[in-house]
Novice: 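Starting off with a structure, shown below.
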Amino acid sequence: MSSYPPAPAVFDATMVTTALELPGYRIVRNLGVVRGIIVRSRSIFGTIGAGLQTIVGGNITIYSQLCEKTRQDAFAMMMQHAAEHGANAIIAARYDANELMQGVTEVLAYGTAVVVERI
């Protein structure tokens with residue numbers, strides 16, 4: 001279970017960018033780095049299913065789905081963290097992932113929380 005609830009509806013995901021600016025907006029306040037961290041492990045059933053998929057080859061959909069869900073959760077936590085700091089946008093957003101131990105992966109979504117206003 002995450003320590004943050006899902007991002008509030010008031011934080012618009014379109015106001016998150018990997019760029020250093022948002023076209024049409026001016027940054028009026030920098031609130032610092034925000035992050036969302038998820039640590040997930042594969043279940044034994046997922047591992048067996050993925051093992052079977054590797055025999056056939058191609059996209060390992062079980063892992064793809066797990067990775068996508070993990071990234072979505074980390075992204076939502078990052079937006080929640082930004083909203084808690086009073087931000088209405090996030091710039092320089094990035095993802096990072098590390099294997100903590102075999103079968104356990106950490107996914108970090110991070111960026112700079114800012115307050116922007118339309119130009």
Side-chain angles (χ1 to χ4, degrees):
M1 192 75 182
S2 74
S3 60
Y4 294 102
V10 295
F11 200 100
D12 183 358
T14 64
M15 298 298 284
V16 179
T17 183
T18 58
L20 300 176
E21 62 184 4
L22 281 166
Y25 292 87
R26 178 172 63 97
I27 297 171
V28 295
R29 202 159 134 222
N30 180 329
L31 301 172
V33 175
V34 290
R35 79 283 178 265
I37 301 170
I38 298 288
V39 177
R40 289 259 164 79
S41 67
R42 301 181 299 254
S43 73
I44 187 68
F45 302 110
T47 300
I48 292 168
L52 294 173
Q53 281 188 319
T54 61
I55 293 169
V56 177
N59 184 21
I60 312 302
T61 57
I62 291 171
Y63 287 158
S64 295
Q65 292 165 358
L66 177 65
C67 290
E68 183 56 35
K69 174 71 171 126
T70 303
R71 286 185 191 101
Q72 288 173 357
D73 290 349
F75 187 83
M77 287 176 67
M78 176 184 65
M79 288 192 303
Q80 177 65 33
H81 193 207
E84 289 172 357
H85 284 79
N88 64 353
I90 300 171
I91 60 169
R94 304 283 187 269
Y95 287 102
D96 191 21
N98 296 295
E99 188 172 40
L100 301 176
M101 59 186 282
Q102 187 167 351
V104 179
T105 303
E106 167 216 27
V107 173
L108 168 67
Y110 64 98
T112 303
V114 293
V115 175
V116 296
E117 63 183 25
R118 278 203 176 276
I119 297 177

Novice: Roughly how far, to the nearest 0.5 Å, is the CE atom of Met78 from the CZ atom of Arg71?
Specialist: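 Separation between the atoms: 13.5 Å.
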
Novice: Applying side-chain contact (heavy atoms from CB on, under 4.5 Å) to Arg40 and Val107, what does each step give before you reach the verdict?
Specialist: CA-CA 8 Å; Arg40 289 259 164 79; Val107 173; over 6 Å; no

Novice: Rounded to the nearest 0.5 Å, how far apart are CD of Gln65 and OG1 of Thr70?
Specialist: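 So the CD of Gln65 and the OG1 of Thr70 are separated by 11.5 Å.
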
Novice: Considering only residues two or more places apart or on different chains, which pairs with a residue in residues 101-115 satisfy salt bridge (Lys or Arg N to Asp or Glu O under 4.0 Å)?
Specialist: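 Matches after skipping sequence neighbours: none remain.
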
Novice: Who passes side chain to side chain contact (heavy atoms under 4.5 Å, CB included) against Val115, sequence neighbours left out?
Specialist: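 Checked Val115 against side chain to side chain contact (heavy atoms under 4.5 Å, CB included); matches are Val28, Arg29, Leu31, Asn88.
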
Novice: Applying side chain to side chain donor-acceptor pair (under 3.5 Å) as the test, list every pair that has at least one member in residues 108-119; sequence neighbours left out.
Specialist: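 Every pair satisfying side chain to side chain donor-acceptor pair (under 3.5 Å) with a residue in residues 108-119: Tyr25-Arg118, Arg26-Glu117.
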
Novice: Do you know the tightest heavy-atom contact between Ala93 and Thr18?
Specialist: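 Nearest pair, atom of Ala93 first, then Thr18: O-CG2, 3.3 Å.
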
Novice: Sequence neighbours left out, what pairs pass ring pair (Phe, Tyr, Trp, His ring centres under 6.0 Å) with at least one residue falling in residues 82-107?
Specialist: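 Sorted pair list: His81-His85.
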
Novice: State which residues pass side chain to side chain contact (heavy atoms under 4.5 Å, CB included) with Ala13; sequence neighbours excluded, sorted by chain then number.
Specialist: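 Scan of Ala13 (side chain to side chain contact (heavy atoms under 4.5 Å, CB included), adjacent residues dropped) gives Phe75, Met79.
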
Novice: Sequence neighbours excluded, which residues qualify as side chain to side chain contact (heavy atoms under 4.5 Å, CB included) partners of Thr17?
Specialist: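 With neighbours one apart ignored, the set is Ala19, Leu22, Ile91.
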
Novice: Considering residues at least two apart in sequence or located in another chain, which fulfil the side chain to side chain contact (heavy atoms under 4.5 Å, CB included) criterion with Ala82?
Specialist: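 Only Phe11, Val34, Ala87, Ile90, Ala113 meet the side chain to side chain contact (heavy atoms under 4.5 Å, CB included) criterion with Ala82.
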
